Amino acid sequence: MQEMISKIEALLAPLLEGTDMFVTNLQIEPGNNIKLFLDADEGLNVQKSVSINRQLVTQIDELGWYPNGDYSLEVSSPGVDEPLRSIRQYKKNIGRTLAVTNIEDLEQIGVLKA
């Protein structure tokens with residue numbers, strides 16, 4: 001599974017180069033369901049997601065990684081309930097109100113300052 005994730009990340013790198021988009025999470029679930037979560041500094045719109053999806057599907061199909069198209073690819077932005085995973089996401093969300101669960105499993109709400 002990790003090997004395939006690495007291969008997909010290698011395909012993604014040139015597709016995202018020179019854009020404001022970045023990967024927040026990539027996972028492969030049972031049944032070859034590839035879930036790619038992207039974010040963008042200026043916001044991720046549907047056109048950006050569709051473009052990456054189409055380009056990635058074309059490359060995966062051409063490489064024959066999943067015979068007979070035995071996979072699905074979902075490209076979306078992380079939902080508001082998804083944790084921030086990268087420094088870039090934190091920077092993008094400065095000034096927003098966030099809920100944080102501390103090490104004692106208590107939720108605290110505050111504004112991200114830096």
Side-chain angles (χ1 to χ4, degrees):
M1 202 72 68
Q2 186 56 45
E3 180 183 343
M4 185 56 71
I5 288 173
S6 295
K7 287 179 176 182
I8 293 169
E9 287 173 335
L11 291 179
L12 277 169
L15 298 178
L16 300 178
E17 190 174 316
T19 74
D20 69 335
M21 293 182 286
F22 55 96
V23 175
T24 62
N25 195 13
L26 173 60
Q27 56 197 33
I28 302 176
E29 296 182 346
N32 299 325
N33 183 12
I34 303 166
K35 291 191 173 199
L36 171 61
F37 295 93
L38 297 175
D39 205 345
D41 297 323
E42 299 299 320
L44 186 71
N45 60 36
V46 174
Q47 292 85 359
K48 289 179 181 179
S49 295
V50 168
S51 175
I52 294 299
N53 185 299
R54 287 181 180 157
Q55 292 176 73
L56 199 52
V57 163
T58 298
Q59 291 184 26
I60 291 171
D61 289 348
E62 286 174 354
L63 291 166
W65 289 348
Y66 294 98
N68 303 318
D70 185 27
Y71 73 100
S72 65
L73 173 63
E74 298 175 35
V75 178
S76 66
S77 61
V80 294
D81 58 335
E82 289 293 317
L84 301 180
R85 298 179 185 268
S86 72
I87 296 297
R88 199 166 173 182
Q89 283 183 290
Y90 280 94
K91 289 179 181 178
K92 176 185 174 201
N93 286 286
I94 290 174
R96 295 189 68 188
T97 301
L98 302 177
V100 176
T101 304
N102 65 21
I103 59 172
E104 297 163 348
D105 207 31
L106 298 173
E107 185 177 275
Q108 297 177 322
I109 297 180
V111 175
L112 181 63
K113 299 263 182 178

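Everything numeric in this text was worked out from a predicted model, so none of it was measured.
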Just to verify, what does [X] make a salt bridge (Lys or Arg N to Asp or Glu O under 4.0 Å) with, not counting sequence neighbours?
| X | value |
| --- | --- |
| K7 | E3 |
| E42 | none |
| D20 | K48 |
| E9 | none |

All N/O donor-acceptor pairs, side-chain side in residues 22-30, below 3.5 Å, sequence neighbours left out:
unit_1, atom_1, unit_2, atom_2, d
T24, OG1, F37, O, 3.2
N25, ND2, Q27, OE1, 3.1
Q27, NE2, E29, OE2, 3.2

What residues form a side chain to side chain donor-acceptor pair (under 3.5 Å) with [X], not counting sequence neighbours?
| X | result |
| --- | --- |
| R88 | D41 |
| S86 | none |
| S72 | N33 |
| Q59 | none |

Inset, instruction - Would you confirm whether N68, through its side chain, and D70, through its main-chain N or O, come within 3.5 Å as a donor-acceptor pair? - result: no

Legend entry - Donor-acceptor contact present, side-chain T58 to main-chain R54, <3.5 Å: yes

Hey, quick one: are [X] and [Y] part of the same hydrophobic cluster, counting side-chain heavy atoms closer than 4.5 Å, chains of contacts allowed?
| X | Y | value |
| --- | --- | --- |
| I87 | L16 | no |
| I5 | I60 | yes |
| V57 | L63 | yes |

Inset, instruction - Identify the two heavy atoms, one from N93 and one from R96, that lie closest to each other, and give their separation to 0.1 Å. - result: OD1-NH1, 2.7 Å

Legend entry - Closest approach of P78 to Q89 (non-hydrogen atoms, all atoms of both residues): CG-NE2, 3.9 Å

Inset, instruction - Could you check L38 against S77 for side-chain contact (heavy atoms from CB on, under 4.5 Å), going step by step and ending with a plain yes or no? - result: CA-CA 5 Å; L38 297 175; S77 61; over 6 Å; no

Legend entry - Check: L36 and I52 side chains under 4.5 Å, non-hydrogen atoms: yes

Legend entry - Approximate separation, where rounding is to 0.5 Å, of L15 CG and L12 CG: 6.0 Å

Legend entry - Pairwise distance CD(E74) to OG(S49) - rounded to 0.5 angstrom: 11.5 Å

Legend entry - Sequence-distant partners of Y71, ring pair (Phe, Tyr, Trp, His ring centres under 6.0 Å), two or more places apart: Y66

Inset, instruction - Start with the C-alpha distance between W65 and L11, add both sets of side-chain angles, then the distance that settles side-chain contact (heavy atoms from CB on, under 4.5 Å), and finish with yes or no. - result: CA-CA 12 Å; W65 289 348; L11 291 179; 3.5 Å; yes

Legend entry - Pairs touching residues 83-114 that satisfy ring pair (Phe, Tyr, Trp, His ring centres under 6.0 Å), sequence neighbours left out: none

Inset, instruction - Apply side-chain contact (heavy atoms from CB on, under 4.5 Å) to the pair L44 and M21, showing each step before the final yes or no. - result: CA-CA 7 Å; L44 186 71; M21 293 182 286; 3.7 Å; yes

Legend entry - No-hydrogen, no-angle side-chain donor-acceptor test under 3.5 Å, Q47 and S51: no

Can you give each donor-acceptor pair under 3.5 Å made by side-chain atoms of residues 97-114, sequence neighbours left out, with the distance rounded to 0.1 Å?
unit_1, atom_1, unit_2, atom_2, d
N102, OD1, E104, N, 2.9
N102, OD1, D105, N, 3.2
N102, OD1, L106, N, 3.0

